[in-house]
Amino acid sequence: MSKPIVSISGIRGIVGETLLPEEALRWSLAYGTMVNGGTVVLGRDTRPSGEMLRGAVLAGLLSTGCKVIDLGIVPTPTLQLAVQHWQANGAVAITASHNPVEWNALKFFEPSGMYLDAGGVKHLSAIYESGEFKRACWNEVGQIQFDTTAIDRHIERILTCVDVERIRKRKFRVVIDCVNGAACFISPRLLERLGCEVIPLFAEPTGIFQRDPEPIAENLSELCNKVRETNADVGFAHDADVDRLAIVADGGEALGEEMTLVIAVYHVLAHKEQGAVVTNLSTTMAVDEVAKQFGVKVYRTPVGDINVSKRLKEVNGAIGGEGNGGVIYPRIQYARDAIAALALVLEFMAMHDEPLSELVKKLPRYHMVKKRLTLGAIPAHKLLECIKQRYTAEEIIEEDGVKLQWDDHWVHVRPSGTEPILRVIAEAKTAEHADKLCDEVIADLQQLLK
Ligand code: MG
């Protein structure tokens, strides 16, 4: 039988094929054993398979003696905040994030609300493999407590971190694309509290995604049209579990998911607080340019929410995140929080009189090209070594694959954590240059693979 994919981003599979309830049960038994029958927060996105997996996860957690705080359908960042609120021993989210509807996943968290790191996943996997699970006897089986106010608390927390009156005065007209995901329960409500005229798009929490749930520019044509038709000030799009935010400017241009973090970093450094910025190695150089304007340091980590969150906490940075539209604002929490990001973008707009389409022209912008190459018999590390030898870059970074860095362009080659492929990402001042860089490296790799 095919198994789900186990990685730092959780246990993922296609429901009914590689992700079965018995697998979800076994992983939950392992997690319940790992937290020694403590308190565990549980939440899920709107996918139709969520309820079935919830049953399996509940059985696993309760039978190891865990007390389960069940939040129902909530964004992942809402669940992460709830872990702190309940001082829980951990959490499980049932969501495949930006993956298509046939996928689902279990994601596991630490008591801090952050994802399990590589060590945590290894520990959990060892318990799963051993099959030695904690078993509660009849009078020690866990209980469920329902929490229906996690979203309210999340909204209130965000409202304490932005200038609500300033945003309300502007009465922004906003199109919000919730992809029929967990955002339906939070983003339109937050926008109303911020005095916006809310125009919903895909805002029925059916879990049937009317577009690809990954909020990259090419998937947002309906949102772009709606922003144009309604003459809105801005359009926002999420993925299914609301840790990613993409922006469409007035006039209907999708800014691309890399720009979300650039705007948030600029806004926080210019108007809110000074401090270091943390992002991953594959995120746009525009972040470095903005940080330079304010004389603050940028730390780069391997790709992955947990890597960025941990470093951000260590260096006590002002803001961080990933180029996929995931913004981490420590005043709210050390997690990618697209609802917080949305409030920050509106606050940025409220600080200026010009429309967003004009404001972004003043921010640095690069072009990024992302391609992939299927691996053959040659192991990834050998290919990476060859790339390293072949190019003379100003800097070669080997923390996460190989990144060749020059003054105003770079190429990053990294093995995927979940598929037998190499990801090749290049960024430069023009789309042509980025494309050429990407193709050159891919052609070299293909030579090696022959
Ligand atoms: Mg997500």
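For ligands, and for the atoms within them, numbers begin at 1 and follow the listed sequence.
- Within Asp243, the N, O or S atom lying nearest to the Mg ion (ligand 1) carries the name OD1.
- Rounded to 10 degrees, the OD2-metal-OD1 angle spanning Asp239 and Asp241 at the Mg ion (ligand 1) equals 90°.
- Aromatic ring centres of His271 and His352 lie closer together than 6.0 Å.
- The cationic atom of Lys297 (NZ for Lys, CZ for Arg) lies less than 6.0 Å from the six-membered ring centre of Tyr299 and within 45° of the ring axis.
- With a cut-off of 2.8 Å, the Mg ion (ligand 1) has an N, O or S atom of Ser97 in range.
- Electrostatic pairing of Asp177 and Lys226 does not count as a salt bridge here, judged by no charged N lying under 4.0 Å from a carboxylate O.
- In this structure, Phe294 has its ring center under 6.0 Å from that of Tyr266.
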